[in-house]
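In what follows, a single structure is set out as structure tokens and then discussed.
As a basis for the values below, the full set of heavy atoms in this structure was taken, side chains included, without hydrogen atoms, waters or symmetry mates. None of these values were measured; they are calculated from a predicted model. Each residue takes its place number in the sequence, starting with 1. Start at 1 and go down the list; that is how both ligands and their atoms are numbered.
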Amino acid sequence: MAKNNSSKDQKSKDLKQFEKDAEGKVMTTNQGLKVNDTNNSLKAGERGSTLLEDFLLREKITHFDHERIPERIVHARGSAAHGYFELTKNIKKYSKAGIFTDTDRKTPVFVRFSTVAGSKGSPDLARDVRGFAVKFYTQEGTWDLVGNNMPIFFIQDAMKFPDLIHSVKPEPNNEIPQAASAHDTFYDFVSHSTETLHNHIWAMSDRAIPRSLRMMEGFGIHTFRLINDKNESHFVKFHWKPKLGVHSVTWDEAVKINGADADFHRRDLWDAIEAGQYPEWELGIQVVADKDEHKFDFDLLDPTKLIPEEMVPVEIIGRMVLNRNPENFFAETEQVAFLPGHIIPGIDFTNDPLLQGRLFSYRDTQLSRLGSPNFHQIPINRPIGEVHNNQRDGHMQMDIPKGQTAYFPNTLGAGCPHLAKMSEGGFHSYEERIDAKKVRTRSESFSDHFSQPAFFYRSLADWEKAHVADAYTFELGKCKQTYIKERMLYLIAEIDKDLAKKVGKGLGMEIPKSIEKPVNQAIGADADVKKHQPPKKKNYLDTDPALSQANTKFESIATRQIAVLVADGFSMSNFKSMKKALEKENAMVKIIAPHGGKIKCDEHMEHDVDAAIMTTESVLFDAIYIPGGKKSITTLLEESKYKKFINEAFKHCKAIAADKEGEDLINETFVANYKDDKAILINEKPQSFIDAIAKHRNWERMDIAAKVPA
Ligand code: HDE
């Protein structure tokens, strides 16, 4: 359980423990020299100049001057945790990998979640794809599954990646906007590259603004191969399914959370682990036999396509639990190096042209970020097994290789390190037959860019569709160039006419009848819509329930943040039974009072305040509870921020519970006329409140909520 008490009041540590902790921890230089002054530089006289001789000053400042390494070019903003993976179902028939055959193993993992576009210090709730990178420290070597929280990617060929990223990053002349796709260069690119439209519509959906990193799915995206001990190959897609279900905030909340707590996701992950509420996912696989490679309406090698779960069900084979926060952000979260090329026997690549490009890019980027080909020796990147090879030297070599030989074959070193036969676990690439011309082109089988975005949109619930329309309207509303907006509107209409109508209305624009082809030809873009829109859209299936968050899990309220609005004199008996019921379900109950420090209930007991109302916002909570107590309610009525707090929670479709006397406060808010709403619970049993919180939001309230003046 909670090990790191850094947030606890340090004063409460007793002095003896303090002295014990300090034993043997005298400050030294990097050479082990004991330091007796780290506050003053060496000077020629008390008021004199600093001496060049001051090696203590130089060591300290030089190290400081070099504290930063280049941030990741993409996925710079990230948060990570340690944990383990265990197999629940042996899949020997598909893969010979130890972690897929041995149900007794607990494989350590390190998982880093990230946003894509923003810099290292950008806010967590940007509308963006989330990285979901898992490092499995297996006995047979390290396997990195470097995926995202959406099952497809924007582009089909690695060659386009620098263009995609340059377009979404802040514009190069003025470095605006930070961590936002809502600007001209991005839509210039998207509207001229129709292959982006599928990932783009996911990015316009609620998936791009998760409630928590613990409430996101993860996907390997590419089709990989599983190889069994008979050397047979099956195609596979990897899925992570969160135990808490897939949930999101609304865009209005996201914008406000970014101001109220830019570290919202990072803090949420950290706090949940410290509280012993360990985030958990199931690992699932979609397997396609080699002989079925061509039975789909799309190409398995095309990373802009998903395999509908209705067609190929996801088989759950294991679970991952994150149970330990990093000790040091830089050493672990910043220095961890994920490489899609880190695989183990039993898993192999396919010819997905995006994956193939990634196999080059990640090693290359680590060389410039971490500065040395020895980056695998950094503790977080070390495999758990021993490493023996003839690679030597280089910047920051951490090991002291022994012996006379550093080549193969040798006899002077007894032939070591010797090679591993396949039967001993030696890696052997899958022998895929290749007989082809060398070409620089895109396969015709990748050319349908519209059927799957339409399929995704069709599969969403009405409230999710409304959010998508709002997101397009917001993003395009931020673009300055009318012709770019027109192009986008035209393309959205090719996905779904109704959606385009809604967006057009928000933008105050008509859907164009055509888009100027000459522009495309002049710049050599690949956006000939007719070429990428099949004459009849492919309706593989009407809808797939797995694509909608309306069909996720709604069982648990574990780790949900409940704001209790109170002042001195609140009713202890009501509060006590509600708190007990909520905490039994592992929800986090937080007291929000008019001031910090402590407040008194009507039984004259003192209670710690978690946040003074002025220091917090309703968007940081999942639900609100207002206990009774006349004196408490009278005080709350005097402070307008409480009304704003409640109105906002209502606007964001959250559950609100109040005791009989608490109703007086409700009556002074927008909620007064909507007390029959199913997630507004006045004087009801704690269980009804728990059930309403578990539903995440009451989306049926959405239309009324839009009118709340908050
Ligand atoms: Fe990445 N990507 N990427 N990417 N990516 C990086 O590697 C790149 C792609 C993903 O938490 C970089 O270490 C290319 C798809 C994640 O450390 C870089 C292409 C997917 C992370 C890079 C892609 C991803 C990265 C930057 C197109 C989902 C963060 C820093 C061929 C399956 C990992 C770094 C972490 C990071 C290149 C496309 C996910 C520059 C060239 C598709 C989660 O190497």
Side-chain angles (χ1 to χ4, degrees), residues 69-82 109-120 128-135 142-169 193 195-196 198-200 202-203 207 213 216-224 236-240 265-266 269 301-306 322 326 329-343 349-371 375-376 378 380-381:
I69 58 172
E71 67 172 33
R72 287 165 174 82
I73 295 165
V74 280
H75 298 266
R77 170 81 186 167
S79 307
H82 293 271
V109 298
F110 187 68
V111 182
R112 185 175 181 274
F113 305 102
S114 47
T115 52
V116 180
S119 292
K120 199 168 166 280
D128 201 351
V129 175
R130 298 296 182 290
F132 193 128
V134 183
K135 191 176 273 297
T142 299
W143 174 38
D144 290 346
L145 183 59
V146 197
N148 282 344
N149 76 328
M150 299 179 191
I152 51 330
F153 200 65
F154 288 95
I155 47 167
Q156 297 171 323
D157 191 304
M159 196 73 157
K160 293 188 79 163
F161 191 66
D163 299 302
L164 165 74
I165 298 304
H166 287 171
S167 78
V168 72
K169 283 273 181 182
S193 313
E195 70 200 76
T196 58
H198 190 198
N199 200 160
H200 184 260
W202 278 75
R207 303 274 178 154
L213 301 170
M216 306 189 309
E217 286 184 306
F219 302 90
I221 298 188
H222 311 286
T223 303
F224 289 88
V236 65
K237 295 255 193 205
F238 294 106
H239 295 244
W240 293 109
H265 281 157
R266 178 175 288 179
L269 178 66
L301 301 186
D302 173 356
T304 66
K305 305 294 186 297
L306 55 85
L322 299 182
F329 185 89
F330 180 84
E332 300 173 85
T333 310
E334 195 58 14
Q335 291 200 115
V336 66
F338 291 96
L339 278 75
H342 287 166
I343 51 164
F349 313 118
T350 60
N351 294 333
D352 171 342
L354 195 68
L355 174 60
Q356 294 284 320
R358 294 179 78 201
L359 296 179
F360 164 74
S361 173
Y362 288 64
R363 178 169 298 281
D364 189 39
T365 212
Q366 303 314 341
L367 287 177
S368 83
R369 256 173 44 75
L370 301 169
F375 65 82
H376 59 280
I378 295 172
I380 194 69
N381 294 326

- Would you tell me whether Thr350 and Asp352 have side-chain atoms, one donor and one acceptor, within less than 3.5 Å of each other?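 Side-chain D/A pair, Thr350 to Asp352: absent.
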Using heavy-atom distances only, which candidate in [options] approaches [atom] most closely?
atom                    : options                        : answer
atom 29 (C) of ligand 1 : His75, Glu71, Arg77            : His75
atom 28 (C) of ligand 1 : Leu145, Val111, Asn148         : Asn148
atom 4 (N) of ligand 1  : Tyr362, Phe153, Phe110, Phe161 : Tyr362
atom 24 (C) of ligand 1 : Arg112, Arg363, His222, Arg358 : Arg358

- Message: Under 6.0 Å from the ring centre and within 45 degrees of the ring axis: does the NZ or CZ of Lys237 meet both conditions for the six-membered ring of Phe219?
- Response: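 No, Lys237 does not sit over the ring of Phe219.
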- Query: If you measure from the Lys or Arg side-chain nitrogens to the Asp or Glu carboxylate oxygens, is any gap between Glu334 and Arg369 under 4.0 Å?
  - Reply: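 Looking at Glu334 and Arg369, the cut-off is met.
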- Item | Where Leu370 and Ala337 come nearest, the two heavy atoms and their spacing |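 Closest pair (atom of Leu370, atom of Ala337, distance): CD1-CB, 3.9 Å.
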- Does Lys160 reach ligand 1, in the sense of a heavy atom lying below 4.0 Å from it?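 No, Lys160 has no heavy atom closer than 4.0 Å to ligand 1.
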- Heavy atom of Gly147 under 4.0 Å from ligand 1?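 Yes; Gly147 lies near enough to ligand 1 that a heavy-atom distance drops under 4.0 Å.
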- Task: Report yes if Ser114 has an N/O atom closer than 3.5 Å to an N/O atom of ligand 1; otherwise report no.
- Result: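 Min N/O separation from ligand 1 is not below 3.5 Å for Ser114.
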- Query: With a 4.0 Å heavy-atom cut-off (strictly under), which part of Thr365 contacts ligand 1: side chain, backbone, both or neither?
  - Reply: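 Thr365 to ligand 1: side-chain contact only, backbone stays beyond 4.0 Å.
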- Query: Which is it for Leu354 and ligand 1 at heavy atoms under 4.0 Å: side chain, backbone, both or neither?
  - Reply: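 Looking at Leu354 and ligand 1, atoms from backbone and side chain both fall under 4.0 Å.
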- Within a strict 4.5 Å, meaning less than it, do heavy atoms of the Trp240 and Val134 side chains meet?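 Side-chain contact under 4.5 Å: yes.
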- Message: Quick check on contacts: which atoms of ligand 1 are under 4.0 angstrom from a heavy atom of Arg72?
- Response: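 Those of ligand 1 that fall under 4.0 Å from Arg72 are 17 (O), 30 (C), 35 (C).
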